[in-house]
Number of protein chains: 2
Amino acid sequence: MTTIYDVARRSGVSPATVSRVLSGRRNVDPELSEKVRAAVAELGYRPNGVARNLRKASTNLWAVVISDIENPFFTSLVRGLEDVAQTEGYHVVLCNSDEDPAKEAAYASAVLTEQMAGVVVSPTSTAEGVLQLAEAKTPMVLIDRRVDGVEADTVLVDNEHGAAEGVKHLIDGGYERIACITGPRRVSTAMDRLAGYRSALRAAGIPYDKDLVRHADFREAGGFAAMESLLELPEPPEALFVSNNLMTVGALECLAKRGLRAPDDIALVGFDDIPWADLVVPSLTTVAQPTYELGRTAGLLLKDRIAAPGRPPSTVTLRTELHVRATSAPKQK
Amino acid sequence: MTTIYDVARRSGVSPATVSRVLSGRRNVDPELSEKVRAAVAELGYRPNGVARNLRKASTNLWAVVISDIENPFFTSLVRGLEDVAQTEGYHVVLCNSDEDPAKEAAYASAVLTEQMAGVVVSPTSTAEGVLQLAEAKTPMVLIDRRVDGVEADTVLVDNEHGAAEGVKHLIDGGYERIACITGPRRVSTAMDRLAGYRSALRAAGIPYDKDLVRHADFREAGGFAAMESLLELPEPPEALFVSNNLMTVGALECLAKRGLRAPDDIALVGFDDIPWADLVVPSLTTVAQPTYELGRTAGLLLKDRIAAPGRPPSTVTLRTELHVRATSAPKQK
DNA sequence: CTGTTAGCGCATTCAC
DNA sequence: GTGAATGCGCTAACAG
């Protein structure tokens, strides 16, 4: 392997000067600088990033810890993050936690031993890894979910407001008996969206009926089961608000299986957009999250945090947007 | 930062012994080993991965260079790769090349300077980065596409056969005037799938009509435009085979926009599955690729290549599977 | 089986 | 503005 010493010898300068030239320091004689560049080209020299990392006690890696890259919510978010990383000179290490606190912790551990420059995390319910990273003062941005007791930069969406807007849209369509499938009680987004559901009902003077609420696991199977359970009610709901994309798919599958259709049999609004939501027939009304922007914003915050580790943490809340499509068409009399 | 020397001092042994214990070498007195472990725990010592990397002249990083993580084909593939990486002790660095040879080359360069242990690449048309990596003898697995002149482990699907099967299915449904939208001429998958289309026609004794073939860019917009152009033909096709998922979506959008429906106005088979293909109405007939398996297989090959760099490269070809759904229903008389 | 020693390749003091 | 020297933390020789 050719090293900085080889380049130094070849160009008749010291290794220190080569290092200065390569890291773009200004205080180098242009003439020497030129010699060094020439030697680099002749030798086909390539700096050793690992050695640099050791010396600087930090790498150019960011980790992104999410539950599953196959969930389009995270896919797009990761893309947004990676775009920022690329322009800032970082690389993104993809970590699928599958909502498993142990995996999250294992990745957190890797972040520390590999000296990664920063992390973006969507915390699991117990947030074990997040606590570990917070303690180690690793530059970190929380995404999608809050974690009690951890002070860190955070990017959220306006969950309560978005959910309320979606539910209000159903109420405006003439529906009153509106059910809700939301996520686990320990997850802040699940509770925030449930709160939005409740507040929309309250605003409309519709009494809250806890028999119409289901807590599932934010996954397809959970949405399917919750839908089944709602349909078995003595008096099934006439409309439904589902608080994430995978559970919405599950609910749709359950309806399809039973030969039921939205909005005729049950009107539907889902939280979080789905690619091809327009191509599904009937097309799906959603409370869309700016997923790409979430990732991008997280990247920007992380960059700033690395530049100024001492600064007090900030929280950015992005707005959701109601995409009215066919499944929430007004009630027919 | 606590180092291996601190642990050594604390436990009354040499740094070398600490290193041996931590890297799981067997030839260490159990008693000393125990002491070391105790000291590690007491001090909260954490090995420095970067230093280890420098010493060993290699990291535990794999890069995966794909055109776009937002394409569900790659999303699932990356997931498969990451699952293998995790069990083998590697981390995956995500690289979106956007089909841009310059970006591919930049990532290849990063792979080299950061001393990553291996790469999985879906090559861009000119495969600049791939050539660079091949020259440097970096452990590499090519995925989805072949590259002329590069000897490397490769994972492909049975493109020609899968395409032929999809087209034959249309022919069996009574269609004769069948169009094809495929990808760029320089991309092996595009040509292989086109070859499958032709061979199915030939087998059925249907003459090949090049006016019914379009080369687009494998993206949504390209599929849309190609569809438009086919519909403007004096005698539009009665069926269509589209050679990737994004272009299929584009074609569907074009049909929707014009108020046309599959299969009544035009029957449709797409190459590569789409999540929710079942939920789209009419549901979409596809030649499904085992995307997760592609990623998993690539990971396995990469692992083997790293273990035995000298071994001659192998090519694995996975089978596609025809998923018959509604858009290819037999022709009505 | 264990300890001593050296050096991976670089960036950064500190002199000059 | 430049060069010599040092050490980041670890593992692999080698000697004992």
Side-chain angles (χ1 to χ4, degrees), chain A residues 1-40 43-61 89 109-117 136, chain B residues 1-40 43-61 89 109-117 136:
Chain A
M1 179 178 224
T2 74
T3 75
I4 207 172
Y5 286 90
D6 302 318
V7 176
R9 209 171 308 127
R10 177 83 171 221
S11 51
V13 302
S14 75
T17 299
V18 176
S19 172
R20 288 183 188 112
V21 171
L22 294 177
S23 39
R25 292 244 183 295
R26 338 205 83 256
N27 40 346
V28 176
D29 186 312
E31 199 170 323
L32 289 189
S33 183
E34 196 39 58
K35 277 188 190 168
V36 169
R37 282 179 210 295
V40 165
L43 296 173
Y45 166 77
R46 175 187 297 287
N48 180 324
V50 177
R52 174 185 295 160
N53 291 341
L54 175 60
R55 185 58 235 248
K56 310 216 303 187
S58 157
T59 66
N60 55 176
L61 296 175
S109 188
V111 165
L112 264 14
T113 79
E114 301 301 329
Q115 319 242 80
M116 300 193 195
Chain B
M1 180 179 224
T2 74
T3 76
I4 208 171
Y5 286 90
D6 301 319
V7 176
R9 207 171 309 128
R10 177 82 169 222
S11 49
V13 301
S14 76
T17 299
V18 176
S19 173
R20 289 183 187 111
V21 171
L22 294 178
S23 40
R25 292 241 184 300
R26 336 207 85 257
N27 42 347
V28 177
D29 186 315
E31 200 170 322
L32 288 189
S33 183
E34 196 38 58
K35 275 188 189 167
V36 169
R37 282 177 210 296
V40 166
L43 296 173
Y45 166 77
R46 175 187 298 285
N48 180 327
V50 177
R52 174 183 299 163
N53 291 342
L54 175 59
R55 187 56 236 243
K56 311 218 301 186
S58 158
T59 66
N60 56 176
L61 258 27
S109 186
V111 164
L112 263 15
T113 78
E114 300 302 328
Q115 318 241 82
M116 301 194 196

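Below, read A as the first sequence line, B as the second, and so on, with proteins coming before strands; counting in each chain starts at 1. Please read these numbers as outputs of a predicted model, since none were measured by experiment.
- As a whole-Å value, the separation of B:Tyr45 OH from D:dG9 P is 10 Å.
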TODO: Start with the C-alpha distance between A:Glu114 and A:Thr59, add both sets of side-chain angles, then the distance that settles side chain to side chain contact (heavy atoms under 4.5 Å, CB included), and finish with yes or no.
DONE: CA-CA 8 Å; A:Glu114 301 301 329; A:Thr59 66; 5.9 Å; no

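- Residues B:Ser19 and B:Ser23 share a closest heavy-atom pair of O-OG, 2.6 Å.
- Annotation: side chain to side chain contact (heavy atoms under 4.5 Å, CB included) contacts of B:Arg37 (sequence neighbours excluded): B:Val21, B:Ser33, B:Glu34.
- Nearest-nucleotide mapping onto DNA chain C: of B:Pro30 and B:Gln115, the residue sitting toward the 5' end is B:Pro30.
- When rounded to the nearest whole Å, the span between CE of B:Met1 and C1' of D:dG7 equals 15 Å.
- When the C1' atom of D:dG3 is taken as reference, atom CG of A:Asp29 falls 14 Å away, rounded to whole Å.
- Between B:Asn27 atom CG and C:dG3 atom C1' the separation is 13 Å, expressed in whole Å.
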Taking only distance into account, with no hydrogens and no angle test, what donor-acceptor pairs under 3.5 Å do side-chain atoms of residues 4-11 of chain B form with protein atoms, sequence neighbours excluded?
| residue | atom | partner | partner atom | Å |
| --- | --- | --- | --- | --- |
| B:Asp6 | OD2 | B:Thr3 | N | 2.7 |
| B:Arg10 | NE | B:Glu42 | OE1 | 2.7 |
| B:Arg10 | NH2 | B:Glu42 | OE1 | 2.5 |
| B:Ser11 | OG | B:Val7 | O | 2.6 |

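- Here D:dG9 presents its P atom at 9 Å from CG of B:Asp6, a figure rounded to the nearest Å.
- Using modelled atom types and a 3.5 Å distance limit, the side chains of A:Arg46 and A:Thr2 yield no donor-acceptor pair.
- Rounded to whole Å, atom P of C:dG9 lies 12 Å from atom CZ of A:Arg9.
- Comparing the end axes of the helix from C:dC1-D:dG16 to C:dC16-D:dG1, each fitted to five base pairs by superposing C1' atoms of four pairs onto the next four, gives an inter-axis angle of 30° (nearest 10 degrees).
- As a whole-Å value, the separation of B:Asn53 CG from D:dC8 C1' is 14 Å.
- Residues B:Leu61 and A:Leu61 are in side-chain contact: their nearest non-hydrogen atoms beyond the backbone lie under 4.5 Å apart.
- B:Val50 comes within 4.0 angstrom of nothing in the nucleic acid, heavy atoms only.
- Scanning for side chain to side chain contact (heavy atoms under 4.5 Å, CB included) contacts around B:Leu22 gives B:Val18, B:Val40, B:Tyr45, with sequence neighbours left out.
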Side-chain polar contacts of residues 51-58 of chain B - donor-acceptor pairs under 3.5 angstrom, sequence neighbours left out - could you list them?
| residue | atom | partner | partner atom | Å |
| --- | --- | --- | --- | --- |
| B:Asn53 | ND2 | B:Gly49 | O | 3.3 |

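- D:dC8 atom C1' lies 4 Å from atom CG of A:Leu54, rounded to whole Å.
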Task: Annotated protein contacts, base or backbone, on nucleotides 11-16 of chain C with a non-hydrogen cut-off under 4.0 Å, one of B, S, - each - done: BBB---

TODO: Under the side chain to side chain contact (heavy atoms under 4.5 Å, CB included) rule, what do B:Asn48 and A:Thr113 come out as? Steps first, then yes or no, please.
DONE: CA-CA 5 Å; B:Asn48 180 327; A:Thr113 79; over 6 Å; no

